[in-house]
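Working notes, beginning with the structure itself.
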Amino acid sequence: MSMFLREVTLETIDTDVALWQEPEGDVGCVVWDAAIVLTKFLEVNSLNAGTDAGKCLIKGRTVLELGSGTGCVGLAAAIMGASKVTITDLPEFLGLMEKNIMENQDRLGCPVEARELNWGNEEQIREFPIPDVVLVADCIYYEQSLEPLVSTLYKLCSPDTKVLLSYEERTIGNKPLLQKKFFEMMEEHFCKEKIALEEQHELYRCEDIHIYKFSRR
Ligand SMILES: C[S@@+](CC[C@H](N)C(=O)[O-])C[C@H]1O[C@@H](n2cnc3c(N)ncnc32)[C@H](O)[C@@H]1O
């Protein structure tokens, strides 16, 4: 089966993020619902902030996305006014991320780069300048990479960096325990703020998908 193109609409600026997806493969090959909810929250935030640069989470900011998969959220940030975006994932996703950068080239408002970043890899982490914003969609998923994800976030952030993280609450298997552990680990280093449903996009929000904003203590 061949790849297909999925479009996530940014209605306030009358454009789409166009994303190639694989029909099958590892979890990073498709756009996850938590990525769409985070993308649409960023759009609402951008609209509500208007010309108040301080309130806008994305405009003029340097952005680093972890576990980008198709790159949906990072590419949307680049379309919505970020000053520089880096989308990252395991090396097997570099080709897909680069294809999606190319697909959106004429809509991007800033440079966007796809890079390998394997959570917990100290050498790789050191190569990234501290960003203003880190985006993470649906990455509380893997037992073995829970601690590396938290330590990577800690090392990539200064106290001024905002982490915007979305995830889908799952009730099967060890997922509830993983999610609980993730928040316990994050709370050692970060303050958290939950983004209320009312602050999110009125259609693209869901009781089971949560968005948190973290800042390093
Ligand atoms: C459920 S997918 C979410 C993809 C995308 N953020 C979205 O929401 O559409 C989780 C992503 O985390 C990436 N990932 C898993 N373990 C990783 C690791 N150790 N280092 C970097 N990325 C990892 C996967 O390759 C995958 O793209």
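Atoms within each ligand, like the ligands themselves, are counted from 1 in listed order.
In this structure, Val30 counts as a contact residue of ligand 1, since one of its heavy atoms falls inside 4.0 Å of the ligand.
Between Cys139 and ligand 1, a contact under 3.5 Å exists for no N or O pair. Geometrically, ligand 1 and Ser145 share no nitrogen or oxygen pair separated by less than 3.5 Å. For ligand 1, the polar-atom distance check against Leu66 finds no nitrogen or oxygen pair separated by under 3.5 Å. The N/O atoms of Asp89, backbone and side chain alike, include one that comes under 3.5 Å of an N/O atom in ligand 1.
Within the set Phe93, Tyr141, Tyr142, Trp119, the minimum heavy-atom distance to atom 10 (C) of ligand 1 is found for Tyr142. Remark: among candidates Thr39, Leu96, Asp33, Asn118, the nearest residue to atom 19 (N) of ligand 1 is Asn118, based on non-hydrogen atoms. Nearest residue to atom 5 (C) of ligand 1 from Ser68, Gly71, Cys29, Ala34 is Ser68 (criterion: closest heavy atom).
The pair Glu143-Lys181 counts as a salt bridge, with a side-chain nitrogen and a carboxylate oxygen less than 4.0 angstrom apart. A salt bridge does not link Glu103 with Lys99: none of the charged nitrogens is closer than 4.0 Å to a carboxylate oxygen. The pair Lys155-Glu122 meets the salt-bridge criterion, since a charged nitrogen lies less than 4.0 angstrom from a carboxylate oxygen. Using a cutoff of 4.0 Å between basic side-chain nitrogens and carboxylate oxygens, Arg115 and Glu127 are scored as salt-bridged. With salt bridges taken as basic N to acidic carboxylate O contacts below 4.0 Å, one links Lys40 and Glu11. A salt bridge links Arg170 and Asp138; the closest N-O separation between the charged side-chain nitrogens and carboxylate oxygens is under 4.0 Å.
Of all the atoms in ligand 1, the ones that sit under 4.0 Å from a non-hydrogen atom of Ala137 are 3 (C), 5 (C), 6 (N), 8 (O). Atom numbering of ligand 1 starts at 1 in the shown order; those under 4.0 Å from a heavy atom of Val31 are 9 (O). Heavy-atom contacts of Gly69 reach the following atoms of ligand 1: 27 (O) (cutoff under 4.0 Å).
For Asn100 and Thr70, the side-chain atoms include no donor-acceptor pair closer than 3.5 Å. Thr62 and Asp132 form a side-chain donor-acceptor contact under 3.5 Å, judged by distance and modelled atom types alone.
If you look at Leu117 next to ligand 1, the close heavy atoms, those under 4.0 Å, all belong to the backbone. When non-hydrogen atoms are compared, ligand 1 lies under 4.0 Å from neither the backbone nor the side chain of Thr70.
In this structure, Phe183 has its ring center under 6.0 Å from that of Tyr212.
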